[in-house]
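The shown structure was predicted, so the numbers you read here are calculated from the model rather than taken from an experiment.
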Amino acid sequence: MYESKFMHRVLELSQQGMQNGHGGPFGCVIVKDGVVVGEAHNEVLSSNDPTAHAELLAVRRASAKLKTFNLRGCELYTNGAPCCMCMSSMLWARVDRVYYVLSMDDSRAIGLGDEPFYEELARPLDQRQIIPMIQEPELREKARTVYELWVKKPDKIQF
């Protein structure tokens, strides 16, 4: 259930990180059972890590705190509509719900739109343009062997 206090914290984080030169104006809070279990602001510039988006960092921190890769039962608060990388991390983490304030159009208006990335991901692998994807079949059988070992691994944990 949405609680504005968590979005207020998101806005504090987004402004703090941006003003301190850590990255863009984005913040994120992850909540489970009414308690913050992970929070972050964008740290792309301070860490020189293009994946250090607020949502991704908050997912990592919440997972570490809860000692699980599965964030079912958690809600994520963020100020901007998530980019495709952050959205993917939320899907992999199995976050229950995402609350956001600003749209992709709002992000695009300040020069931070990522529609080209969403468009690229919608293309079949062999039609990608930003980063060409080239399938190399030479070691296919050897690579499949590793997959087959995974399928047969008796103590694997499915994620």
Side-chain angles (χ1 to χ4, degrees), residues 1-136 146 157-159:
M1 178 189 309
Y2 178 80
E3 291 188 48
S4 64
K5 68 180 180 181
F6 298 126
M7 196 61 79
H8 284 284
R9 178 64 180 146
V10 165
L11 298 177
E12 289 172 9
L13 289 164
S14 65
Q15 186 172 354
Q16 175 188 21
M18 183 255 317
Q19 287 181 326
N20 289 328
H22 294 187
F26 301 102
C28 182
V29 169
I30 298 178
V31 177
K32 182 169 184 157
D33 300 325
V35 176
V36 174
V37 294
E39 67 176 31
H41 56 69
N42 186 290
E43 297 178 18
V44 168
L45 299 177
S46 61
S47 67
N48 293 312
D49 178 354
T51 69
H53 290 200
E55 298 93 333
L56 203 98
L57 293 174
V59 164
R60 290 175 183 159
R61 291 170 186 165
S63 295
K65 181 172 186 166
L66 296 173
K67 296 181 178 11
T68 181
F69 57 84
N70 187 329
L71 297 182
R72 281 192 177 96
C74 293
E75 297 180 326
L76 186 146
Y77 290 74
T78 186
N79 55 312
C83 74
C84 48
M85 177 182 66
C86 293
M87 189 66 217
S88 294
S89 72
M90 293 173 212
L91 291 167
W92 275 106
R94 311 307 198 265
V95 170
D96 282 1
R97 188 171 288 109
V98 175
Y99 299 106
Y100 69 97
V101 179
L102 300 170
S103 70
M104 288 187 194
D105 288 337
D106 292 318
S107 293
R108 185 175 48 251
I110 63 166
L112 297 172
D114 54 329
E115 285 81 6
F117 298 141
Y118 274 104
E119 291 168 7
E120 181 78 352
L121 290 172
R123 291 185 181 100
L125 289 175
D126 63 349
Q127 294 176 23
R128 301 268 168 100
Q129 297 171 1
I130 296 174
I131 300 176
M133 301 288 292
I134 304 155
Q135 185 174 15
E136 289 295 336
V146 177
I157 297 172
Q158 197 64 43
F159 55 92

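In terms of heavy atoms, Pro82 sits closest to Val98 at CG-CG1, 4.3 Å. Ile110 approaches Pro25 most closely through the heavy-atom pair CD1-CG, 4.1 Å. In terms of heavy atoms, Ala52 sits closest to Ser47 at CB-OG, 3.5 Å. Contact detail for Phe6 and Gly34: the closest heavy-atom pair is CZ-O, 3.5 Å. Here the closest heavy-atom approach between residue Ser89 and residue Val59 is recorded as OG-CG2, 4.2 Å.
One N or O on the side chain of Asn70 and one on the backbone of Arg72 form a donor-acceptor pair closer than 3.5 Å. Formation of a donor-acceptor pair under 3.5 Å by the Asp96 side chain with backbone atoms of Gly73 is found in this model. A donor-acceptor pair is defined here as one N or O able to donate and one able to accept, closer than 3.5 Å; such a pair exists between the side chain of Glu120 and the backbone of Gln129. In this structure, the side chain of Arg97 does not engage the main chain of Val95 through any donor-acceptor pair within 3.5 Å. With hydrogens and angles disregarded, a donor-acceptor distance shorter than 3.5 Å links the side chain of Glu75 to the backbone of Met1. Under the 3.5 Å distance criterion, the side-chain polar atoms of Asn79 are matched with a main-chain donor or acceptor of Gly27.
With respect to Glu43 and Arg60, no salt bridge is recorded, no charged nitrogen being found less than 4.0 Å from a carboxylate O.
Ring orientation note: the planes of Phe69 and Phe159 are nearly perpendicular, at an angle over 60° on the 30°/60° scale.
Looking only at side-chain heavy atoms (C-beta outward), Glu55 and Leu76 come within less than 4.5 Å of each other. With a 4.5 Å cut-off on side-chain heavy atoms, His53 and Asn42 count as touching. Side-chain contact between Arg9 and Tyr77: absent, with no pair of heavy atoms (C-beta onward) separated by less than 4.5 Å. Two residues are said to be in side-chain contact when any heavy atoms from C-beta on lie closer than 4.5 Å; Leu71 and Ser63 meet this criterion. Side chains of Ser88 and Leu121 form no contact here, defined as non-hydrogen atoms less than 4.5 Å apart.
No more than 12 heavy atoms of other residues, nucleotides or ligands sit less than 6.0 Å from atom CD1 of Ile131. Heavy-atom contacts from other residues, nucleotides or ligands closer than 6.0 Å to OH of Tyr118 number more than 12. Heavy-atom neighbours of Gln15 CD from other residues, nucleotides or ligands within 6.0 Å: at or below the threshold of 12. Within a 6.0 Å sphere centred on OH of Tyr99, other residues, nucleotides and ligands contribute more than 12 heavy atoms.
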Does the side chain to side chain contact (heavy atoms under 4.5 Å, CB included) test come out yes or no for Leu66 and Cys74, once each step is laid out?
CA-CA 11 Å; Leu66 296 173; Cys74 293; 4.0 Å; yes
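Within the model, atoms CE of Met104 and SG of Cys83 stand 8.5 Å from one another, a figure rounded to the nearest 0.5 Å. Atoms CG and CG, on Asp106 and Leu112 in that order, are 11.5 Å from each other to the nearest 0.5 Å. If you take NE2 on His41 and CD on Gln16, they are separated by 5.0 Å, rounding to the nearest 0.5 Å. Considering CZ of Arg61 and CD of Glu39, their distance stands at 8.5 Å, rounded to 0.5 Å. Distance check, rounded to the nearest 0.5 Å: OG of Ser14 to NE2 of His22 gives 13.5 Å. We find the OG1-CE distance between Thr51 and Met85 to be 5.5 Å, quoted to the nearest 0.5 Å.
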